[in-house]
Amino acid sequence: MSLRSPLGRVIGLGSAKHGSGTWWAERVSSVALIPLTLWFVFSLLLLRSLDYSTVRAWLSVPVSGFLAAVTVGVMAYHSYLGTVAVVEDYVHAPALKLASLLLLRFVHVLAGGAGIFAILRIAFVA
Amino acid sequence: MPPVRARPLSPHLEIYRWQISNTLSILHRITGVSLSIGFLALIYWLMAVAGDADSYAGAARLFANPLGIIGLVLLTFAFFYHLLNGVRHLVWDVGLGFERGERRASGWIAVIGAVALTIGVWALVWSFQRS
């Protein structure tokens, strides 16, 4: 589904120089994060104790590990979109802007990948 | 021809009257960026869980020191505020809640709700610590 106007599609608008695709992706990922983050926070809270074996046992349950990995992935995507919007709005020097946007992309792929890899290790490596 | 005067562009922070609407909008960005930093802390914690008991104990010590606790409390507030205000934005996106009274009420609900949920979560953590 696309909310872009024909004119916007032709000339490209906004500080990001493209149309409503990012706007829509922000909304979709935010809707997904409502149940995912609430599940994550309240699951941790319901563990009552956050010692090493309790946390590992929780993430070793297939449903928990799967949902935690999905949560980390969507978080990385949503955080990437949000921080990119901040850089596009406030960083105007072209070289610094490009460097910041590249850094944000690398950091989010690395962090998201590391988080999902860590959860897989907990689930599959005893 | 009269001299051209530099005109203030909107939004111009020095002349903009502070009110709940723009304050909460800026707070949404500040909490969002804070949560991005908190996301990196979460990844660090998950990597520590994936390591051995010593690596986890090291991470746990870092989070449990006074500065770590303050950071976690602020992140808890940032999470609940960004969540509640995010829902407020989603409601606006479907075209509802734009009346003056509704805007103010939903804004206060986001702020007061986030404070209440933060206090509630940490009261629970504190009670678990004692039991």
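By convention in this document, chain letters (A, B, ...) are assigned in the order of the sequence lines, proteins followed by strands, and residues within each chain are numbered from 1.
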Trainee: Decide yes or no on side chain to side chain contact (heavy atoms under 4.5 Å, CB included) for A:L33 and B:L83, but give the supporting numbers first.
Mentor: CA-CA 9 Å; A:L33 283 173; B:L83 176 79; over 6 Å; no
Trainee: Can you see which heavy atom on A:V41 is nearest to which on B:F79, and at what distance?
Mentor: CG2-CE2, 3.8 Å
Trainee: Walk me through it: do B:R29 and A:D89 pass the test side chain to side chain contact (heavy atoms under 4.5 Å, CB included)?
Mentor: CA-CA 11 Å; B:R29 280 223 151 161; A:D89 282 355; 2.8 Å; yes
Trainee: Linking I/L/V/M/F/W/Y whenever their side-chain heavy atoms sit closer than 4.5 Å, directly or via other members, would B:V125 and A:L47 fall into one cluster?
Mentor: yes
Trainee: Is it true that, when you exclude B:Q19 itself, more than 12 heavy atoms of the residues, nucleotides or ligands shown sit nearer than 6.0 Å to its CD?
Mentor: yes
Trainee: Which region of A:Y80, side chain (C-beta onward) or backbone (N, CA, C, O), has a non-hydrogen atom less than 4.5 Å from a non-hydrogen atom of chain B, or is it both or neither?
Mentor: neither
Trainee: Between OG of A:S79 and CG of B:L42, what distance do you get to the nearest 0.5 Å?
Mentor: 11.0 Å
Trainee: Can you list the residues of residues 58-73 of chain A that sit under 4.5 Å from chain B, counting heavy atoms only?
Mentor: A:L59, A:V72
Trainee: Is it the side chain or the backbone of A:S49 that comes within 4.5 Å of chain B heavy atoms, both, or neither?
Mentor: neither
Trainee: Grouping I, L, V, M, F, W and Y whenever their side-chain heavy atoms are under 4.5 Å apart, do B:I30 and B:I20 come out in a common cluster?
Mentor: no
Trainee: Got a second to check how far B:L46's CG is from A:I122's CD1, nearest 0.5 Å?
Mentor: 6.0 Å
Trainee: For B:V87, which atoms come within 4.5 Å of any heavy atom of chain A: side chain, backbone, both, or neither?
Mentor: side chain
Trainee: For the NE2 atom of A:H78 and the NE2 atom of B:H82, what is their distance to the nearest 0.5 Å?
Mentor: 4.5 Å
Trainee: Over all heavy atoms of both residues, which pair between B:F128 and A:L45 is shortest? Give the atoms and the distance, please.
Mentor: CE1-O, 3.1 Å
Trainee: Heavy-atom count check: over 12 atoms from other residues, nucleotides or ligands less than 6.0 Å from B:W92 CH2?
Mentor: yes
Trainee: Under 4.5 Å between any side-chain heavy atoms of A:M75 and B:L35, yes or no?
Mentor: no
Trainee: Heavy atom to heavy atom, less than 4.5 Å: which residues from residues 100-109 of chain A reach chain B?
Mentor: A:V107, A:H108
Trainee: Surrounding CZ of A:F117 (heavy atoms of other residues, nucleotides or ligands, distance under 6.0 Å), is the total greater than 12?
Mentor: no
Trainee: Hey, does B:L90 have a side-chain heavy atom less than 4.5 Å from the side chain of A:I34?
Mentor: yes
Trainee: Check B:V49 against A:R56 and note the closest heavy-atom contact, atom names and distance.
Mentor: O-NH1, 2.8 Å
Trainee: Minimum heavy-atom separation for B:W45 and A:V55, please, with both atom names.
Mentor: CH2-CG1, 3.6 Å
Trainee: Give the cluster check for B:Y56 versus B:F63: same hydrophobic cluster or not, with ILVMFWY residues linked at side-chain heavy-atom distances below 4.5 Å.
Mentor: yes
Trainee: In terms of heavy-atom proximity below 4.5 Å to chain B, should A:L46 be classed as side chain, backbone, both, or neither?
Mentor: neither
Trainee: Check whether B:A53 gets within reach of chain A through its side chain, its backbone, both or neither, counting any heavy atom under 4.5 Å.
Mentor: both
Trainee: Quick one: pull up CE in B:M47 and CZ in A:R121 and give me the separation to the nearest 0.5 Å.
Mentor: 9.0 Å
Trainee: Between A:Y52 and B:G51, what is the shortest heavy-atom contact and its length?
Mentor: OH-O, 2.5 Å
Trainee: Using the rule that Ile, Leu, Val, Met, Phe, Trp and Tyr join whenever any side-chain heavy atoms are under 4.5 Å apart, tell me whether B:L62 and B:I69 fall into a single cluster.
Mentor: yes
Trainee: On a heavy-atom basis, which atom in A:A111 and which in B:L40 lie closest, and how many Å separate them?
Mentor: CB-CD2, 3.7 Å
Trainee: What's the spacing between A:T37 OG1 and B:F80 CZ if we round to 0.5 Å?
Mentor: 8.5 Å
Trainee: Hydrophobic clusters here meaning ILVMFWY residues chained together by side-chain heavy-atom distances under 4.5 Å, can you tell me if B:I112 and B:Y81 are in one?
Mentor: yes
Trainee: Against chain B, work out which of A:L50, A:I116, A:T83 has the most heavy-atom pairs shorter than 4.5 Å and name it.
Mentor: A:L50
